[in-house]
Amino acid sequence: MNLELDPVQRRLVETIAKGDAAAPPQASGWDVFDAIGLSALLAPEPGAAPLLGTLEWCLVLEELGAGLRSHTLVRSVHAFLDVYVARARDGAAAEAFRTWAGAQGAAPRADDPLLLREADDVWRFVDPCPPAFAALPDGITLDASTAQAVHDRGLLLVAAYACGVARRCLASAQDRAGSRVVAGRRLLEHQGTGHRIARGAVDLTLARAGLWRAAQAEDESERAGHRAPAAAAACVSAALDCAHTVVQVFGAAGTSAPQVVAMFRTACALPAVSGSPRALWAEAGARRMRSLV
């Protein structure tokens, strides 16, 4: 697979990064979307291709992760588009999304869209938006295969966010290790610290490659299958390892510096969203074995 971004994808990453840099510290990921005008462009015209494919969404979520922005509402929007707009025949869902995104005076709750099992092979998508957004379509039913695909694509977004968190932790650890002096030498020159940072960089690179491969499969009308939980496991593991690294590199300040505490808490909250890396690896293995039978 090609690991180089095309010009459009590079511009997308640069735009999100600039929006993140310009947004106030308390702004959410959705606030960043709004600030750069991307929220108004997400819903395609009836019959038109979506603005963002799975890989593009992953690029966006990685930038939001690097900024430690809240990703809940952005993932909710993705699920809404995935379930409703992509299957709209008359444009009603796209119009509902525009009404939702452009509504003034109220904000959607920070709940995730829910996929509730109604039977062995039927799931129901439940939109958690409050009454202010009554223009949204009613819940629809999904077969088990479609629900699994929606879940997998959402899992890839969490994995991408974890990549961004890992990248932020690793960059902070590198900067600190390059400036902090211990025993007359920069901390980065000490073998243990240097090896730990290098291992984090390798883990992050491998995790991102697996994530992009899974996202590319979705964009090429294949199913990510076992690659979705495997990518999530690798990315969340990388984020947790890099978070521990940055705390160690900062030393005593790592338990009190606000930026380090924010990175560590964000990384540690990821398994609550994605599932533990161990469970994800087990799921990936089980799904791979079933695909070979």
Side-chain angles (χ1 to χ4, degrees), residues 1-25 27-45 48-71 73-75 77-79 81-82 85-86 101 152-175 197 200-222 224 227-228 231-232 234-236 238-239 242 263 266:
M1 63 173 287
N2 183 10
L3 293 177
E4 294 292 329
L5 301 180
D6 63 35
V8 174
Q9 292 169 334
R10 285 197 294 271
R11 284 198 298 273
L12 174 65
V13 170
E14 291 168 2
T15 301
I16 293 292
K18 289 178 181 177
D20 175 69
S28 69
W30 184 250
D31 293 330
V32 175
F33 262 52
D34 255 349
I36 63 176
L38 188 59
S39 59
L41 303 176
L42 287 177
E45 295 297 332
L51 175 68
L52 303 179
T54 304
L55 179 55
E56 286 74 28
W57 275 101
C58 287
L59 296 175
V60 168
L61 264 292
E62 180 172 338
E63 292 306 312
L64 297 181
L68 304 182
R69 303 292 181 181
S70 170
H71 57 90
L73 185 52
V74 175
R75 291 191 299 107
V77 169
H78 173 267
L81 293 170
D82 197 5
V85 178
D152 286 349
R153 285 188 286 270
L155 192 58
L156 292 178
L157 265 60
V158 178
Y161 185 85
C163 271
V165 174
R167 194 181 88 196
R168 170 72 174 269
C169 293
L170 193 62
S172 296
Q174 289 172 324
D175 290 344
I197 291 175
V202 171
D203 289 345
L204 174 57
T205 301
L206 292 175
R208 185 186 288 118
L211 170 65
W212 285 12
R213 183 180 181 186
Q216 185 181 51
E218 288 287 346
D219 287 337
E220 293 176 350
S221 299
E222 300 178 22
R227 288 176 292 218
C235 293
V236 172
C242 290
M263 285 184 274
T266 303

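Quick note: numbers below take in every heavy atom, side chains included, and nothing from hydrogens, waters or symmetry partners.
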Might you work through the side-chain contact (heavy atoms from CB on, under 4.5 Å) test for L52 and L12, ending with a clear yes or no?
-> CA-CA 10 Å; L52 303 179; L12 174 65; 3.9 Å; yes
Taking E62 as the fixed residue, which of R168, R208, R69 is the one that meets the salt bridge (Lys or Arg N to Asp or Glu O under 4.0 Å) rule?
-> R208
Go through the side-chain N and O atoms of D175 and S172 and say whether any donor and acceptor fall under 3.5 Å apart.
-> no
Which heavy atom of A214 sits nearest a heavy atom of A224, and at what distance?
-> O-CB, 3.9 Å
Side-chain donor or acceptor of D31 paired with backbone N/O of A23 under 3.5 Å | no
Closest heavy-atom contact between G19 and V32?
-> C-CG1, 3.8 Å
Is the shortest heavy-atom distance from the side chain of W57 to the side chain of V74 under 4.5 Å?
-> yes
Nearest-0.5 Å distance that lies between atom SG in C58 and atom CG in L211 = 4.5 Å
Donor-acceptor pair, D219 side chain versus T54 backbone, under 3.5 Å?
-> yes
Decide yes or no for W212 and L59: does some side-chain heavy atom of the first lie under 4.5 Å from some side-chain heavy atom of the second?
-> yes
From C242 atom SG to M263 atom CE, the distance as rounded to the nearest 0.5 Å | 11.0 Å
Picking from V60, V236, L156, L61, what satisfies side-chain contact (heavy atoms from CB on, under 4.5 Å) with Y161?
-> L61
L55 and Q216, any side-chain heavy atoms less than 4.5 Å apart | no
To the nearest 0.5 Å, how far apart are CG in L204 and SG in C169?
-> 10.0 Å
Between the side chain of E218 and the main-chain N/O of A215, is any donor-acceptor distance below 3.5 Å?
-> no
Any side-chain heavy-atom pair from R75 and V158 closer than 4.5 angstrom?
-> yes
About how many Å separate CD of E14 and CG of L5, when rounded to the nearest 0.5 Å?
-> 10.0 Å
Can you name the closest pair of heavy atoms from A159 and A232 and give their distance?
-> CB-CA, 3.7 Å
Note, E63 side chain near K18 side chain (heavy atom, < 4.5 Å) | no
Between CZ of R11 and CD1 of I16, what distance do you get to the nearest 0.5 Å?
-> 14.0 Å
